[in-house]
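The structure that follows is given in the form of structure tokens.
Residue numbers start from 1 in every chain, and the chains themselves are labelled A, B, ... in the order their sequence lines are given, proteins ahead of strands.
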Protein chains: 2
Amino acid sequence: MAQTSYSVKTIEWQGDEVVMIDQRILPLDEAYIHHRTWQEVGDSIKTMVIRGAPAIGVAAAMGMALAAMQSSASSYEQLKADLDTAAKGLFETRPTAYNLGWALKQQEQIYGQPGDPDEIRRRLKERSQEILDEDIAMCVAMGEHAAPLFPKGARILTHCNAGALATAGYGTALGVIRSVFRRDPGIMVYADETRPFLQGARLTAWELQQEGIPCRLITDNMSGYFFKKGEIDAVVVGSDRIAANGDVANKIGTYTVSVLAKVHGVPFYVAAPTSTVDLGIPDGDHIPIEERDPAEVTHFREVQCAPAGIGVCNPAFDVTPHENVTAIITEAGVHREPYSESLAAAKKGK
Amino acid sequence: MAQTSYSVKTIEWQGDEVVMIDQRILPLDEAYIHHRTWQEVGDSIKTMVIRGAPAIGVAAAMGMALAAMQSSASSYEQLKADLDTAAKGLFETRPTAYNLGWALKQQEQIYGQPGDPDEIRRRLKERSQEILDEDIAMCVAMGEHAAPLFPKGARILTHCNAGALATAGYGTALGVIRSVFRRDPGIMVYADETRPFLQGARLTAWELQQEGIPCRLITDNMSGYFFKKGEIDAVVVGSDRIAANGDVANKIGTYTVSVLAKVHGVPFYVAAPTSTVDLGIPDGDHIPIEERDPAEVTHFREVQCAPAGIGVCNPAFDVTPHENVTAIITEAGVHREPYSESLAAAKKGK
């Protein structure tokens, strides 16, 4: 694995506990939450202690291992019933991230077949660690595939946080940026602050600062200004789910960035592992979009910034149509139109 | 003047004091700041106690009247020297709003010709009140001109606050919305929160709530999602300066909204008095763009939301090219391409 100065662990096993850095309070506070039950893991996914589709996938896999440890079942049938309950509960925490369901299916391949309960417990934990390790390796591979796409001294816009914190480590979109930076220290990153949850201001800016990658933090409504001035050479974002035709669900605001990129002739790249690609849905219209708590919009962290009782919309994601996507980068390579063919081939190759 | 339930006064004379509502703390607190000197008025413009190009114009005109009262000059020459100093100081408070310079020129027409100092003092104060009264009348006229442009049950997006608080009262873009609502209570308004200063969340949402106009507050990065779903029928925004060719400077983020509107075939309207139109500059490239304090981006009020020491950009405005503007509405009527002709005619008609 490539070296990185970035040392904070998004999620890891410590003995039989799943430990996550609390991403809600970064970068001002650095605190770690210990989880002994799948319900605690589910709560942390729901409340965004951990976020980012790949990281949610790892958390769900670990949550299933915790569920197996929690279960006092001595029979396979009882253990399977307990695990099915946990899988259902974890699946319902966040509807858009495809890696969540993917990771649960990975674990189901272990406990779906009758076997010795203790052996299943052992293998679920082992597999969750494998998923974590594979995720980092995939991020590094994405970075290597993508780096040659960027011009020298590129000024790169990213939206939300698709960094080490959104994954098991290294990052998807931010992993790409790390790889580009290693080859060319002359790059500069525009980081959208990404309201309402401020993943860009809090997490991406922090990760970039840790790495010494030059960064300019902007509010989400500023990128158009810099596109128009010709000061953005490329966009790279992560994804929460990619449909078979290449439509990309990602953090709210991504669609607007893709429109701006297209209008200004700037390439728009998406970096995500193949576990984010959902061949089961034909296009973005079928991707469920999570609506979150209005308080995220009316408040800025704990500070109220809108009149009480005002109507609010808070869709957490939007869908960028494949026509706006220059290329999708997975661990398998760089995929282009027609995505229905290139993505299917990438998934098959796995 | 049309009736409105909206009763808060943005700015007014109380005796020989200029009183402004403090827009930095609305809507959670309602406090009024009293000004006895032009320097205090300048500080309030700079720190955005008062903002919005038309309101800044009124404030500058009143500031000049205060400067005349402050001056102990008994000769015309000394008074003029004091007023020139004040005009220079007020002019430098905010570079983008054209109404600021326009209002100072209005006052210069009074003190530019030799005359009795006390008579000049009286007329400067009188003229500042006229500018305030005219501003409200112009906003109401804009609303009447614009209202027929909107379809029944229109879902209207606005950005920033171009409301009663951005003007002497009633509002430009929000005045249009008030006029539309009076004819058609079935409309609905999407209000961009408008980072970094949150004029949309704090001021527009509050004004709409006071009027009982249905409103959905969204973060700036969400409008693309609603454009794509076909849930926005029209956009209306204000302006801080309009070039001779129809290029429109307005709050940062407006350009992005105009791109989204164009791509989705949605009309994009600008409402502003002719005092915002600067025939002296040929196009938007010549409009100075104010860069504000990075702390506005890294903090919300007292709450820090980004790592210390991070690089930040904070352009306060952007320019929407005239090609993206469906029509510009002034007190003189509805103006369309070619704006170089229609705007010149509107200014001439004044």
**Asked** What part of A:Phe227 gets closer than 4.5 Å to chain B, counting heavy atoms only: side chain, backbone, both or neither?
**Response**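 Contact with chain B: none, neither part.
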
**Message:** Counting only non-hydrogen atoms closer than 4.5 Å, does B:Leu28 touch chain A with its backbone (N, CA, C, O), its side chain (CB onward), both, or neither?
**Reply:**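 Side chain only.
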
**From CA spacing to verdict: side-chain contact (heavy atoms from CB on, under 4.5 Å), A:Val297, B:Met222** = CA-CA 11 Å; A:Val297 173; B:Met222 286 177 189; 4.1 Å; yes

**Request:** Using a cut-off of under 4.5 Å on heavy-atom pairs, state which of A:Glu193, A:His159, A:Arg202, A:Lys251 scores highest against chain B.
**Result:**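 The option with the most such pairs is A:Glu193.
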
**Prompt:** Can you name the closest pair of heavy atoms from A:Ala201 and B:Cys305 and give their distance?
**Reply:**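 Answer, listing the atom of A:Ala201 first, then B:Cys305: CB-O, 3.3 Å.
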
**Message:** With chain A as the partner, which of B:Pro196, B:Ala191, B:Pro315, B:Pro321 has the greatest number of non-hydrogen pairs under 4.5 Å?
**Reply:**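 Option with the top pair count is B:Pro315.
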
**Asked** Hey, what do you get for NZ (B:Lys229) to CG (A:Asp285), rounding to the nearest 0.5 Å?
**Response**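 One finds 10.5 Å between NZ of B:Lys229 and CG of A:Asp285.
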
**Request:** Pick whichever of A:Thr219, A:Val263, A:Asp318, A:Val319 has the most heavy-atom pairs under 4.5 Å with chain B.
**Result:**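 Winner by heavy-atom pair count: A:Thr219.
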
**Request:** Would you mind checking which part of B:Ala308 comes under 4.5 Å of any heavy atom in chain A, side chain (CB onward), backbone (N, CA, C, O), both or neither?
**Result:**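 Backbone of B:Ala308 only, per the 4.5 Å heavy-atom cut-off to chain A.
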
**Message:** Looking at chain A, which one of B:Leu260, B:Leu208, B:Leu198, B:Thr194 has the largest number of heavy-atom pairs inside 4.5 Å, strictly under?
**Reply:**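 Highest number of heavy-atom pairs under 4.5 Å: B:Leu260.
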
**Request:** Take the angle between the ring planes of A:His264 and B:Tyr255 and call it parallel below 30°, perpendicular above 60°, tilted in between.
**Result:**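 Geometry flag for B:Tyr255 against A:His264: perpendicular rings.
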
**Message:** Distance check, rounded to the nearest 0.5 Å: B:Lys228 atom NZ versus A:Thr320 atom OG1?
**Reply:**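 It comes to 7.5 Å.
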
**Message:** Just verifying a value: how many Å separate B:Cys160 SG and A:Asn221 CG, rounded to the nearest 0.5 Å?
**Reply:**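 Rounded to the nearest 0.5 Å, the SG-CG separation comes to 9.5 Å.
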
**Asked** If you count heavy-atom pairs under 4.5 Å with chain B, which of A:Glu296, A:Gln209, A:Glu302 comes out on top?
**Response**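 Greatest number of close heavy-atom pairs with chain B: A:Gln209.
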
**Item:** Heavy-atom proximity to chain A below 4.5 Å, by part of B:Asp192
**Value:**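 Neither part.
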
**Residue selection (most heavy-atom pairs with chain A, distance under 4.5 Å) from B:Pro214, B:Cys215, B:Gly311, B:Gly224** =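 The residue among B:Pro214, B:Cys215, B:Gly311, B:Gly224 with the greatest pair count is B:Gly311.
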
**Proximal component of A:Ile289, with respect to chain B [non-hydrogen, under 4.5 Å]** =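 The side chain, not the backbone.
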
**Request:** Go through the atoms of B:Val303 and report whether side chain, backbone, both or neither lie under 4.5 Å from a heavy atom of chain A.
**Result:**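 Contact with chain A: side chain only.
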
**Prompt:** What part of A:Pro27 is in contact with chain B, defined as an atom under 4.5 angstrom from a non-hydrogen atom: side chain, backbone, both or neither?
**Reply:**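 The answer is the side chain of A:Pro27.
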
**Request:** Check whether A:Ile252 gets within reach of chain B through its side chain, its backbone, both or neither, counting any heavy atom under 4.5 Å.
**Result:**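 Both backbone and side chain of A:Ile252 come within 4.5 Å of chain B.
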
**Prompt:** When rounded to the nearest 0.5 angstrom, what is the spacing between CZ in A:Phe226 and SG in B:Cys313?
**Reply:**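 Between atom CZ of A:Phe226 and atom SG of B:Cys313 there are 4.0 Å.
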
**Prompt:** Taking B:Pro307, B:Ala205, B:Ala306 one by one, which has the highest count of heavy-atom pairs under 4.5 Å against chain A?
**Reply:**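 The residue among B:Pro307, B:Ala205, B:Ala306 with the greatest pair count is B:Pro307.
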
**Asked** Which atom names give the shortest non-hydrogen contact between A:Phe300 and B:Phe300, and what distance separates them?
**Response**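 A:Phe300 and B:Phe300 have their closest heavy atoms at CD2-CB, 3.0 Å.
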
**Prompt:** Which atoms of B:Leu203 come close to chain A, meaning under 4.5 Å heavy atom to heavy atom: side chain ones, backbone ones, both, or neither?
**Reply:**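 For B:Leu203, neither part sits under 4.5 Å from chain A.
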
**Request:** Name the region of B:Gln304, side chain, backbone, both or neither, that has any atom closer than 4.5 Å to a heavy atom of chain A.
**Result:**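 Interface part for B:Gln304: both.
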
